[in-house]
2 protein chains.
Amino acid sequence: MLSKSINIKEIAKRANVSIATVSRALSGNNNVTKETRSKILKIAHELNYKPNLLARSFVKGKTNIIGLILPDISDEFFSEIIKSVDDTSYQDGYFTMVISSHGNRSLVESINTMMNSRIVDGLIVLLSSVNDEIKRTLSSHRIPVVAISGDTSIGNYDIITVDNYKSSRDVVNYLFKKGYKKIAYINGPSENSDAILRHKGFCDECKKLKLTINPAWILNGDFTLLGGEEATNQLLQNKERPEVIFAANDMMAVGCYNSLAKNGYKIPDDIGVIGFDDILISEYLTPPLTTIKVDTETLGKFATEKLIDRINGNDTSKHQVITANTELVIRKSC
Amino acid sequence: MLSKSINIKEIAKRANVSIATVSRALSGNNNVTKETRSKILKIAHELNYKPNLLARSFVKGKTNIIGLILPDISDEFFSEIIKSVDDTSYQDGYFTMVISSHGNRSLVESINTMMNSRIVDGLIVLLSSVNDEIKRTLSSHRIPVVAISGDTSIGNYDIITVDNYKSSRDVVNYLFKKGYKKIAYINGPSENSDAILRHKGFCDECKKLKLTINPAWILNGDFTLLGGEEATNQLLQNKERPEVIFAANDMMAVGCYNSLAKNGYKIPDDIGVIGFDDILISEYLTPPLTTIKVDTETLGKFATEKLIDRINGNDTSKHQVITANTELVIRKSC
DNA sequence: TATTTATATGTAAACGTTTACATATAAGTA
DNA sequence: TACTTATATGTAAACGTTTACATATAAATA
């Protein structure tokens, strides 16, 4: 293990040239004769030379690694983001370093470490809720930062977001057009920015359409399957039953399905269900779930491209909020 | 952005000491007077000094980053591994760098790059299939390597594995005890080592129990939901119907569910289904899926602990194959 | 007091690259 | 030819740490 590794100096010695020439020959573009270059390349290959990326990064002040900070990574949404970010960054010659900040390791701590370590050239941060400390930390701008966040209050960084508010209104509108008047709503976590906006969209569109919101039909959820199930159980204890349940995300919608099945309700005949996110399984539930498709691939791609443009100095514009599209996917659940 | 960052030299100047003393004071353990230490710490804090981890790693020849190479990372199985690896490594003071090797970027290429870049101190590689080139590359041992793999033919690296073979036999045995005699099997990808062993376990246990294997009931699958659905469709075209379908993974079992529902079969009354993996949704399908639980958390934890022990030189034993436990989770699908 | 030992600090090299600058050679131009 | 320009190569500094070694001072011992 870790056998004495050969370096540029060794190659230089064998090729009878200076290390500068070796460096130039290996890096490609500079002025080196064909003969010297091929001689050096040959030796490098024979010795199975691999450049010390650490040394290179150190002197260049650039690692070509971007950091991706996540609240938690066992969620499907996050793993799709990881994939998308990694794909995109790799195409531009970057590696992706995933840092999860859940557990006792706080988000702010992770951001601070990564900001200053010089290990990453830029940072993509997935934010589920935002407070002043986080905003301040993200804005301290040693390196470029892009946030993927529902909260779009501008800081010293770019934001990629989903139009939660409008999409939520679209949902209500769609339900209304289908003839539903009695809509229950299962909310997400109270601090979650996406959840807040989805809830607001729900309320506002109901008001606009003059749909009365029954307070007993607004349930607290936590974006988990179990949360959705429990909320639905609670909902069904009311005397009056809604015609349709709008779950603020698909995971909770799956919880709805379970609760409804256990309580003997048929979807969509007895009660309809509609979700938000379009996770992988939604299409394969029985019945397939009607939901809002959040395009995580685009989300990750936008974030990465923006970040790399910032890193390379190709984008020096003011910090922006970029909104990724959503789409109502109509299936069979309502 | 990237404002001139302060370094140890700057602190030394202000504190009127040498950079060596600053380094010692900041790194904690060495011989420094209380007064000098606190003076240096105070100045460092005032200047908001953050050590250049890149420089440190460079001189120490150690980055405290472990690399995690995945075939593809949009899969739930992988995201659980990521989480587990990241959690475990963080507790030991390591960061995790995720590298996906799907698409045009080959696995061997990723391994080679990471092996020699000095960016990672060790490598965890998720292997779905193994060939000689991969084995050779992994064995070239510049840094310690741990493979999470179904294929346990030993190379110059540790292997963490799941007992696919035995678990698969357990499944057949369980079905047999429940009175099932006619078992169909949906296979995984032909090169996938896990799939190969699961299939072998199925066949061997059937033989042992003298269950006749109907060749028309052995279907090719690809571990995807759609693959499972198509295989089931095909299966149902036979005149004779099996009593139960053993899907080599849960994703395909979900596909079974869909096909059976569409074709008007009730689970488990008309046909039973059993899976392998116990993914998140399995518990919440209707009916809940009976399956083999693969403990991904333990898998990732074992791999990480082994790797870090190797990196630190705390483990110089011969390379091992460590098998993580599985468990038959009995639910309602058969 | 004289000598040894422990403690605190400084000096300078080392890690493996890249790159600004200097220099030597070759090619082009007047 | 003599001068300019382009090209190829070398020299050495730089990046920010850590650390082996040397040294100076303080404390302990004989």
Side-chain angles (χ1 to χ4, degrees), chain A residues 2-41 43-44 47-65 113 116-121 142-143, chain B residues 2-41 43-44 47-65 113 116-121 142-143:
Chain A
L2 290 172
S3 54
K4 198 201 69 195
S5 51
I6 62 111
N7 53 25
I8 227 177
K9 204 170 149 191
E10 179 67 24
I11 299 180
K13 198 160 70 186
R14 304 214 188 189
N16 246 320
V17 295
S18 72
I19 56 164
T21 307
V22 176
S23 174
R24 282 188 279 253
L26 293 172
S27 63
N29 36 9
N30 276 304
N31 316 322
V32 185
T33 352
K34 261 188 190 154
E35 298 91 58
T36 23
R37 159 159 297 135
S38 63
K39 179 171 65 175
I40 289 167
L41 253 44
I43 295 173
L47 297 178
N48 191 27
Y49 167 77
K50 295 287 160 56
N52 185 326
L53 259 44
L54 217 53
R56 177 182 291 172
S57 298
F58 174 46
V59 53
K60 293 194 120 179
K62 187 159 186 301
T63 61
N64 275 40
I65 301 174
T113 306
N116 296 293
S117 65
R118 276 81 159 179
I119 283 181
V120 297
D121 295 338
R142 240 202 68 78
I143 50 174
Chain B
L2 291 171
S3 55
K4 199 199 65 191
S5 53
I6 63 110
N7 52 25
I8 228 176
K9 203 169 151 194
E10 179 66 25
I11 299 179
K13 198 161 71 185
R14 304 216 189 189
N16 245 320
V17 293
S18 73
I19 56 165
T21 307
V22 176
S23 175
R24 282 187 279 254
L26 293 172
S27 64
N29 36 10
N30 276 302
N31 317 320
V32 184
T33 353
K34 262 189 192 157
E35 300 90 59
T36 22
R37 160 160 295 136
S38 63
K39 179 171 65 175
I40 288 168
L41 254 43
I43 294 173
L47 298 179
N48 190 29
Y49 168 76
K50 296 284 159 57
N52 184 327
L53 260 44
L54 217 52
R56 178 181 292 171
S57 297
F58 173 48
V59 52
K60 294 195 117 178
K62 188 162 187 298
T63 60
N64 276 39
I65 301 175
T113 307
N116 296 292
S117 65
R118 277 80 159 179
I119 283 181
V120 297
D121 295 338
R142 241 202 68 78
I143 52 173

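Letters go in sequence order (proteins before strands), and every chain restarts at 1. Just so you know, these numbers come straight off a predicted model, no measurement behind them.
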Which residue lies more 5' along DNA chain D, comparing T36(A) with I19(A) via nearest heavy atoms
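Taking each residue's closest nucleotide, the earlier one in sequence belongs to T36(A).
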Heavy-atom nearest nucleotide on DNA chain D taken for T21(A) and for K60(A); more 5' hit belongs to T21(A)
Separation of [N] [atom2] from [X] [atom1] (nearest whole Å):
X: L26(A); N: dT18(C); atom1: CG; atom2: C1'; answer: 12 Å
X: R24(A); N: dT11(D); atom1: CZ; atom2: C1'; answer: 10 Å
X: K62(A); N: dG16(C); atom1: NZ; atom2: P; answer: 23 Å
X: L54(A); N: dT18(D); atom1: CG; atom2: P; answer: 14 Å
X: N64(A); N: dT17(C); atom1: CG; atom2: P; answer: 16 Å
X: I6(B); N: dT17(D); atom1: CD1; atom2: C1'; answer: 13 Å
X: F58(A); N: dA14(D); atom1: CZ; atom2: C1'; answer: 9 Å
X: R56(B); N: dG16(C); atom1: CZ; atom2: C1'; answer: 19 Å

* Asked: Take atom NZ in K62(B); do more than 12 heavy atoms of anything else shown fall under 6.0 Å from it?
  -> yes
Nearest non-hydrogen partners of [X] and [Y], listed with the distance:
X: D121(A); Y: T63(A); value: OD1-N, 2.9 Å
X: L47(A); Y: E10(A); value: CD1-CG, 4.2 Å
X: R118(A); Y: R142(A); value: NE-NH2, 3.7 Å

Quick one: is [X] getting a side-chain N or O under 4.0 Å of the [N] phosphate, OP1 or OP2?
X: S23(A); N: dT18(C); answer: yes
X: Y49(B); N: dT17(D); answer: yes
X: T33(B); N: dT9(C); answer: yes

Given dT18(D), dT11(C), dG10(D), identify the nucleotide with an atom nearest to the side chain of S18(A).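 Ranking dT18(D), dT11(C), dG10(D) by closest atom to the S18(A) side chain puts dG10(D) first.
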Per atom distances to the N52(A) side chain, the nearest of dT17(D), dT9(C), dG16(C) is dG16(C)
Mapping I8(A) and K34(B) onto DNA chain C by nearest heavy atom, which one lands closer to the 5' end?
->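 Comparing both residues, the 5'-ward one is K34(B).
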